[in-house]
Amino acid sequence: MKCEEVHHFIDTYLDGELDFARRVELEEHLAVCPSCRSLLEERQAFRAFFVAAVQEYKAPPQLEAKVLAAMRRVPTKEKFSLWRQPWIYATAVVVMSVCLALKILFPDAEKEFSRQAVLRHSSSLSTSHFVDVASPNPVIVKPWLTARLDFAPPLVGSPASGYSLVGGRVDVIKNRSVATLVYKHDQDVVSLFCWPPDKEHLSTSERSLDGYRVSTWSNAQCNYVLVSKLSNSALHDFMDSFRVRIQSGAYF
Amino acid sequence: MREQQGRFEELVLPHLDAAYRLARLLLKRDEDAQDVVQDAYIKALKGFERFRGGDARAWILMIVRNTAFTWLKKHYADRNVVPFDEAVHQPSTEESLSESAYEERSRQLREALARLPVEFREILVLRDVEGWSYKELASALHLPLGTVMSRLNRARLHLREEIAKVQPRES
């Protein structure tokens with residue numbers, strides 16, 4: 001090893017990180033080179049001096065007390081972890097089983113109603129058979145429907161401004177005969193399906209199916225499903241106006 | 001939990017000097033170093049559950065280091081423009097006028113060190129004062145081995161240059 005290389009590796013050597021082969025070479029060179037030996041001693045002395053100088057920085061006497069005091073102020077209570085409570089797992093299993101059971105017993109009813117309502121609606125459009133009984137007059141439509149169903153559907157003649165009754169038809173949804181009221185607004189055709197609550201009230205929902213907007217809701221009298229291609233705001237206006245009329249008794 | 005705290009004090013408190021020293025070197029001011037050491041110890045205590053044994057000293061030093069860097073980021077946009085206060089904690093009698101030649105050189109070395117960029121100070125202390133291996137440095141500082149070696153080289157060169165400014169070579 002030449003002196004140049006020794007200068008390059010001297011610190012790594014002093015760090016104890018020089019690989020074996022080079023270490024041997026370096027030490028062999030040092031044995032015969034006084035100038036490199038003195039460099040080594042100089043570097044060693046500097047390191048020792050460096051460490052001693054840095055070690056002059058000592059923790060001031062009050063620091064220990066301060067740190068102890070700060071540490072003692074840290075709350076010693078073990079953090080309450082919900083995951084450490086064994087009962088949480090038993091409870092979780094029970095809750096999940098119940099949910100699963102409910103899901104099996106009561107599959108998303110309103111989704112199925114919505115789906116079938118959309119099918120009836122789109123089928124009425126494609127066959128252009130919108131209604132079984134065509135009349136804008138509730139006085140005519142209601143008895144016709146009542147005669148063919150096991151209930152008397154509430155009839156709203158003009159549910160919202162701009163909408164007119166086209167007529168009514170009888171549809172079957174999930175094995176249940178329902179009354180369908182058809183309304184028109186400009187180019188939009190709206191099918192409003194209704195039937196009495198029977199076993200359960202339809203939950204309130206809104207979804208898009210096959211490009212149609214479907215809303216479901218219910219009151220004491222009827223479950224409702226509304227199918228249309230109305231915009232969101234038009235849809236909500238319709239629903240609000242319709243419900244106001246029902247609530248205020250403005251129907252036949 | 002009192003037990004945990006007792007164990008913590010036993011394991012980690014002995015390294016207070018080393019902790020302070022590192023903080024002092026990184027932050028350059030006594031007051032700031034004290035604040036950071038306190039914060040670091042509190043953080044360490046809170047995270048003590050996660051300490052799975054091993055080198056408690058290295059563990060607390062890393063926490064001090066990280067706390068110091070967070071502090072620097074918060075208080076000084078440029079980490080190298082930190083004011084330096086020289087006062088070393090010695091009995092007040094020695095602090096005054098007659099400094100021995102040794103003490104003078106020692107002080108000059110500390111001043112030169114303070115003029116180095118913080119990354120250089122950090123690696124010099126951890127390597128030469130704490131005796132960490134290159135591998136340990138690489139792992140703790142998240143650096144490749146090659147960078148550790150080149151940074152050490154540059155740091156040592158820089159320090160020698162800074163010292164030469166005040167202490168011209170004798171030989």
Side-chain angles (χ1 to χ4, degrees), chain A residues 3-20 22-23 34-81 83-84, chain B residues 1-5 8-9 12-13 15-25 30 33-35 37-42 44-46 49 88-90 102-103 105-110 112-113 121 124-125 127-131 133-135 145 148-149 152-153 156-157 159-160 163 169 171:
Chain A
C3 289
E4 244 174 55
E5 288 172 281
V6 172
H7 288 211
H8 181 73
F9 287 118
I10 193 83
D11 280 316
T12 313
Y13 172 71
L14 286 172
D15 287 339
E17 300 266 0
L18 199 59
D19 59 274
F20 181 76
R22 287 205 178 103
R23 198 163 76 222
S35 116
C36 285
R37 258 203 313 275
S38 99
L39 173 68
L40 179 83
E41 280 160 16
E42 197 187 300
R43 292 284 170 95
Q44 268 174 327
F46 181 78
R47 278 183 187 220
F49 182 63
F50 173 77
V51 171
V54 169
Q55 284 177 334
E56 285 294 319
Y57 287 130
K58 290 194 182 72
Q62 70 274 26
L63 183 58
E64 181 165 350
K66 275 198 226 175
V67 166
L68 278 171
M71 288 192 325
R72 302 243 160 101
R73 268 181 264 128
V74 171
T76 53
K77 247 189 347 182
E78 187 176 318
K79 265 201 317 198
F80 178 78
S81 171
W83 303 111
R84 294 255 185 95
Chain B
M1 277 302 107
R2 274 263 161 238
E3 199 186 282
Q4 277 275 61
Q5 202 150 340
F8 176 85
E9 285 176 23
V12 190
L13 218 46
H15 307 300
L16 193 64
D17 270 333
Y20 173 80
R21 194 155 45 230
L22 179 62
R24 179 72 188 263
L25 278 157
D30 169 56
Q34 290 196 48
D35 286 344
V37 167
Q38 277 180 76
D39 284 347
Y41 267 75
I42 291 172
L45 177 61
K46 287 184 180 166
E49 284 167 17
V88 162
H89 289 276
Q90 288 164 336
Y102 176 87
E103 279 162 358
R105 277 175 48 232
S106 194
R107 174 178 54 79
Q108 284 168 343
L109 176 47
R110 284 190 293 273
L113 190 59
R121 280 181 265 137
L124 284 173
V125 169
R127 181 19 258 166
D128 285 344
V129 180
E130 293 298 326
S133 72
Y134 290 1
K135 265 210 197 106
L145 207 60
V148 168
M149 291 170 67
L152 269 172
N153 271 342
R156 285 166 171 156
L157 184 64
L159 184 59
R160 284 201 292 274
I163 297 220
R169 280 205 156 191
S171 44

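We use all heavy atoms of the structure for the numbers below, so side chains are in, but hydrogens, waters and symmetry mates are not. In what follows, every chain begins at residue 1, and chains take the letters A, B, ... in the order their sequences are listed.
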Checking [X] against chain A: side chain, backbone, both or neither under 4.5 Å from a heavy atom?
X       : answer
L45(B)  : side chain
I163(B) : side chain
R107(B) : neither

Checklist line | Min side-chain heavy-atom separation E5(A)-R22(A) under 4.5 Å | finding: no
Margin query: side chain to side chain donor-acceptor pair (under 3.5 Å) for Y20(B) and D30(B)? Distances and angles first, verdict last.
Written below: CA-CA 9 Å; Y20(B) 173 80; D30(B) 169 56; 2.4 Å; yes
Check: Between the main-chain N or O of A33(B) and the side-chain N or O of R24(B), is there a donor-acceptor pair closer than 3.5 Å?
Finding: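 Looks like no, no N/O pair under 3.5 Å.
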Item checked: Pairing residues for K46(B) by the side-chain hydrogen bond (donor to acceptor under 3.5 Å, both in side chains) criterion, not counting sequence neighbours ->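 Once residues adjacent in sequence are excluded, K46(B) has no partner under the side-chain hydrogen bond (donor to acceptor under 3.5 Å, both in side chains) criterion.
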Check: Within 45° of the axis and under 6.0 Å from the centre of the six-membered ring of F49(A), does NZ or CZ of R105(B) qualify?
Finding: yes
Notebook entry, point to check: With chain B, which of D15(A), V54(A), V51(A) has the greatest number of heavy-atom pairs at distances under 4.5 Å?
Noted result: D15(A)
Margin query: Counting only non-hydrogen atoms closer than 4.5 Å, does T12(A) touch chain B with its backbone (N, CA, C, O), its side chain (CB onward), both, or neither?
Written below: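 Backbone plus side chain of T12(A), per the 4.5 Å heavy-atom cut-off to chain B.
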